[in-house]
Amino acid sequence: MASVAQGGATLAMSLLQRDKEAKSVSLSAGISVLLGITEPAVFGVNLRHKFPFFIAVVASGIATVFIGYFHVLAIALGSAGVIGFISIAPQSIVAFLFDVVISFIATYAYGYMHMSKTKGETVSDDAKAMTVSAPVAGDVIPLKDVNDEVFSNELVGKGMAIRPSDGTIYAPVDGTVEVTYASNHAFGFKADSGIEVLIHIGLETVDMNGEGFKAFCEQGDRVKRNDKICEFDRDLIKSKGYDDTVMVVITNTDTFADVTSDKAGEITISEDLLKVE
């Protein structure tokens, strides 16, 4: 239910957005999540705008009650996403798809009002010259070299990646911890100046379910640049076959003129990694 709801919300965003590139990203991400691939929609669209993500969460809860009330039953094991309808009894398919409808309509309605009111808003002048520090020591690589199309194609936003030499993550900005996960594999920050930064530790490490990760912050916490955020076991990540590359992404990239970096090779947490203009 949760995956289907996120897909409905992302498709609604594709209609709300006026920028052709953003519309294209939302449409492709929405289709992907309906097929069971959630990261492009969640990180690339819904969390960037916040309200689609939370509307989808509520919608999936409502839809779960709905399908329980109407006794929607699966007759076989199925895949995630809308294509999972093939495992649903034919008479129950309409109720199953109710999740998409709720999420789509609610996101579109709220977005139509909210985005109209905020149209033309800009970030402060201070944010335009802001830098983002490296959250971990290691070797800097371009985001396009990351072995994950969600990040390498900048679906989540522009940024850089670091092959870590250490297992400690530090806050990249002064601001607030906006997003955390039970698996502690990713953290979202909102700088005081409005810049939104995603730190994603490793690829597919969400599947580790928090094993090898220890967080030192919670959602809503105030942090200062270089405050300790998380520790992760690099050896454990690699032993389980995962890539431990750390992605540093500006998730509201489209708010700014540009996101750049002149860093290459080794970097420490005391150094600036990204410049946002």
Side-chain angles (χ1 to χ4, degrees), residues 39 42-43 47-48 50 53 126-127 129-141 143 146 148 151 156-240 242-253 259 261-276:
E39 284 196 334
V42 173
F43 289 116
L47 279 176
R48 292 177 71 176
K50 293 187 177 62
F53 178 82
D126 289 342
M130 185 173 176
T131 58
V132 176
S133 295
V136 65
D139 292 319
V140 178
I141 62 171
L143 205 58
V146 171
D148 186 299
F151 291 104
V156 183
K158 292 184 177 181
M160 295 291 281
I162 299 173
R163 291 195 177 106
S165 59
D166 182 52
T168 306
I169 296 293
Y170 298 89
V173 293
D174 296 340
T176 305
V177 180
E178 290 282 299
V179 180
T180 60
Y181 294 87
S183 55
N184 294 325
H185 77 290
F187 299 85
F189 302 87
K190 185 169 185 178
D192 294 335
S193 52
I195 293 175
E196 297 173 4
V197 186
L198 171 69
I199 307 300
H200 195 288
I201 308 166
L203 300 176
E204 306 298 334
T205 46
V206 63
D207 295 335
M208 293 179 67
N209 297 314
E211 184 183 4
F213 295 84
K214 181 180 180 181
F216 295 90
C217 66
E218 296 180 351
Q219 185 176 13
D221 284 356
R222 286 280 309 165
V223 293
K224 289 289 187 180
R225 194 178 298 229
N226 297 337
D227 282 353
K228 182 186 286 191
I229 297 299
C230 174
E231 291 180 350
F232 61 101
D233 190 329
R234 296 173 56 223
D235 293 333
L236 180 62
I237 291 173
K238 292 179 179 179
S239 71
K240 290 183 175 291
Y242 297 106
D243 187 329
D244 67 349
T245 301
V246 176
M247 281 63 67
V248 186
V249 180
I250 307 302
T251 56
N252 59 341
T253 291
V259 176
S261 177
D262 59 1
K263 297 296 182 181
E266 189 175 350
I267 195 169
T268 68
I269 63 164
S270 60
E271 296 181 72
D272 292 330
L273 175 64
L274 298 173
K275 182 177 181 182
V276 182

_Asp221 and Phe216: CA distance, side-chain angles, deciding distance, side-chain contact (heavy atoms from CB on, under 4.5 Å) verdict_ = CA-CA 10 Å; Asp221 284 356; Phe216 295 90; over 6 Å; no
*Any side-chain heavy atom of Leu143 sitting closer than 4.5 Å to one from Val249?*
yes
*asked:* Can you tell me if Glu266 has over 12 outside heavy atoms packed within less than 6.0 Å of its CD?
replied: no
_Sub-4.5 Å side-chain heavy-atom contact between Pro135 and Ile162_ = yes
*Given side chains that start at C-beta, do those of Leu198 and Met247 come closer than 4.5 Å, heavy atoms only?*
no
*Are any non-hydrogen side-chain atoms of Ile199 and Val246 less than 4.5 angstrom apart?*
yes
*What heavy-atom pair brings Glu178 and Gln219 nearest, and what distance separates the two atoms?*
O-NE2, 2.8 Å
_Within a 6.0 Å radius of atom CZ on Arg234, are there more than 12 heavy atoms belonging to other residues, nucleotides or ligands?_
yes
_Minimum side-chain heavy-atom gap Asp148-Glu204 below 4.5 Å_ = yes
_Give me the atom names and distance for the closest heavy-atom approach of Tyr242 to Leu203._
CD2-O, 3.5 Å
*Which pair of heavy atoms, one from Thr253 and one from Lys158, lies closest together, and at what distance?*
OG1-N, 2.9 Å
*Would Lys228 count as a cation-pi partner of Tyr170, with NZ or CZ less than 6.0 Å from the six-membered ring centre and within 45° of the ring normal?*
no
*Shortest non-hydrogen separation from Lys224 to Ala171 and the atoms involved*: O-CB, 3.3 Å
*Just by modelled atom types, is the Gly194 backbone N or O under 3.5 Å from a matching donor or acceptor in the Asn252 side chain?*
yes
*Atom CD1 in Ile169, atom CD1 in Ile269: separation rounded to 0.5 Å?*
10.0 Å
_Within this structure, what is the CG-CD1 distance for the pair Asn184 and Ile229, rounded to the nearest 0.5 Å?_
11.0 Å
*Nearest 0.5 Å please: distance from the CD1 atom of Ile250 over to the CZ atom of Phe189.*
11.5 Å
*Take Asp244 and Thr205 through the test side-chain contact (heavy atoms from CB on, under 4.5 Å) and record every step on the way to the result.*
CA-CA 8 Å; Asp244 67 349; Thr205 46; over 6 Å; no
*What's the spacing between Ser183 OG and Met208 CE if we round to 0.5 Å?*
10.0 Å
*Go through the steps for Leu274 and Met160 under the test side-chain contact (heavy atoms from CB on, under 4.5 Å), then give the verdict.*
CA-CA 8 Å; Leu274 298 173; Met160 295 291 281; 3.5 Å; yes
*asked:* I want to know whether Phe213 and His185 have ring centres closer than 6.0 Å.
replied: no
*Check whether any side-chain heavy atom of Thr176 sits under 4.5 Å from a side-chain heavy atom of Val223, and report yes or no.*
no
*Nearest non-hydrogen partners of Ile267 and Ala134, listed with the distance*: CD1-CB, 3.7 Å
*Do Asp192 and Arg222 meet the salt-bridge criterion of a basic N to acidic O distance under 4.0 Å?*
yes
*Does Lys263 come within less than 4.0 Å of Asp139, counting only side-chain N to carboxylate O?*
no
*Could you give the distance from CG (Asp174) to OG (Ser193), rounded to the nearest 0.5 Å?*
9.0 Å
_Arg225 and Asp272: CA distance, side-chain angles, deciding distance, salt bridge (charged side-chain N to carboxylate O under 4.0 Å, His left out) verdict_ = CA-CA 11 Å; Arg225 194 178 298 229; Asp272 292 330; 3.5 Å; yes
*Any chance you could lay out the side-chain contact (heavy atoms from CB on, under 4.5 Å) test for Leu273 and Ser133, step after step, and finish with the verdict?*
CA-CA 5 Å; Leu273 175 64; Ser133 295; over 6 Å; no
*Taking all non-hydrogen atoms of both residues, which atom of Ala186 and which atom of His200 are closest, and how far apart?*
CB-CD2, 4.0 Å
*Any side-chain donor near an acceptor of the partner, Arg163 and Thr245, under 3.5 Å*: no
*Flag side-chain contact, heavy atom, 4.5 Å: Met130 against Val173*: yes
